[in-house]
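This report concerns only the one structure given below.
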Amino acid sequence: MLKRKMDEICLKHPVYGSMRISDELRDTENNAGRYKVRRLMREMEVVAKYHKKHITCKIECHTIYYYLLGNLIIYMPDLVFCSNISCIFLKNGTAYLTVVMGWYSRYKISWVLLMLQDSRFCRTALKTALSKGKPIIFNVDHVSQYTSN
């Protein structure tokens with residue numbers, strides 16, 4: 001009965017870990033401690049859904065460029081563009097947002113929002129940004145969408 005109640009909570013709130021699930025169980029009169037809930041979660045192979053750190057990794061075949069903006073003074077437009085990818089967790093999945101921004105004005109030059117994470121949506125945002133201006137430096141993270149061919 002406890003596992004069934006835990007399963008209902010996990011389906012309703014997939015981001016809950018053992019602490020929050022034990023709090024929910026305590027609210028519904030099914031008292032179970034955090035460590036018991038954690039053990040049962042392992043038995044049920046239930047894992048809280050959360051944003052994982054360190055999702056980028058160094059790939060040997062990709063060229064790594066050194067950070068050029070350390071002491072650089074941004075004194076004019078179109079000197080530096082930057083881009084980044086953000087995950088937006090939705091009820092029905094994950095959406096990915098990529099934005100290209102000018103460092104001088106902090107103006108969002110282009111952005112693309114898609115439900116798929118591949119290099120296509122980064123290229124689309126980059127092409128739109130390059131049609132509006134040509135930067136000397138384009139600063140991005142070392143994620144596979146930017147370092148792929």
Can you list the other members of the hydrophobic cluster that holds Ile9, where links are side-chain heavy atoms under 4.5 angstrom apart?
Leu2, Met6, Val15, Tyr16, Ile21, Leu25, Val37, Leu40, Met41, Met44, Val46
Looking only at non-hydrogen atoms, find the nearest pair between Leu72 and Leu79 and report the distance.
CD2-CD2, 4.5 Å
Does Glu8 pair with Lys12 as a salt bridge, N-O distance under 4.0 Å?
no
Step through the shown structure and confirm whether more than 12 heavy atoms of other residues, nucleotides or ligands are within 6.0 Å of CZ on Arg120.
no
Please report the interatomic distance CZ(Arg34) to OG(Ser22), rounded to the nearest 0.5 Å.
7.5 Å
Is there a continuous path of hydrophobic side-chain contacts, each under 4.5 Å between heavy atoms, that joins Val99 to Leu113?
yes
Counting only heavy atoms not in Leu90 (residues, nucleotides, ligands), do more than 12 fall under 6.0 Å from its CG?
yes
Can Tyr104 and Asp78 be said to form a side-chain contact (heavy atoms from CB on, under 4.5 Å), step by step?
CA-CA 8 Å; Tyr104 181 76; Asp78 293 346; over 6 Å; no
Classify the ring geometry between Phe121 and Tyr96 as parallel (under 30°), tilted (30 to 60°) or perpendicular (over 60°).
tilted
With a 4.5 Å cut-off on side-chain heavy atoms, are Phe138 and Val80 touching?
no
Can Asp23 and Arg26 be counted as an ion pair, charged N to O under 4.0 angstrom?
yes
Start with the C-alpha gap between Leu126 and Ser83, add the side-chain angles, then the distance that decides, and say whether side-chain contact (heavy atoms from CB on, under 4.5 Å) holds.
CA-CA 9 Å; Leu126 179 60; Ser83 183; over 6 Å; no
Taking NZ, NE, NH1 and NH2 as the nitrogens, is one of them in Lys5 or Glu24 under 4.0 Å from a carboxylate oxygen of the other?
no
Heavy-atom check, side chain of Leu97 versus side chain of Ile88, under 4.5 Å:
yes
Under 3.5 Å donor-acceptor pairs involving side-chain atoms of residues 129-137, not counting sequence neighbours:
| from | atom 1 | to | atom 2 | distance (Å) |
| --- | --- | --- | --- | --- |
| Ser131 | OG | Thr128 | O | 2.6 |
| Lys132 | NZ | Ile109 | O | 3.2 |
| Lys134 | NZ | Leu130 | O | 2.8 |

Is there a side-chain contact (heavy atoms from CB on, under 4.5 Å) between Cys122 and Ile85? Walk through the geometry before answering.
CA-CA 8 Å; Cys122 294; Ile85 300 172; 3.8 Å; yes
NZ of Lys127: more than 12 outside heavy atoms within 6.0 angstrom?
no
Tell me whether Met115 at atom CE has more than 12 heavy atoms from other residues, nucleotides or ligands lying less than 6.0 Å away.
yes
Under the 3.5 angstrom rule, does the side chain of Ser110 hit a backbone N or O of Ala125 as a donor-acceptor pair?
yes
Is Val112 linked to Tyr107 within one hydrophobic cluster, defined over Ile, Leu, Val, Met, Phe, Trp and Tyr using a side-chain heavy-atom separation of less than 4.5 Å?
yes
Just by modelled atom types, is the Gly17 backbone N or O under 3.5 Å from a matching donor or acceptor in the Arg20 side chain?
no
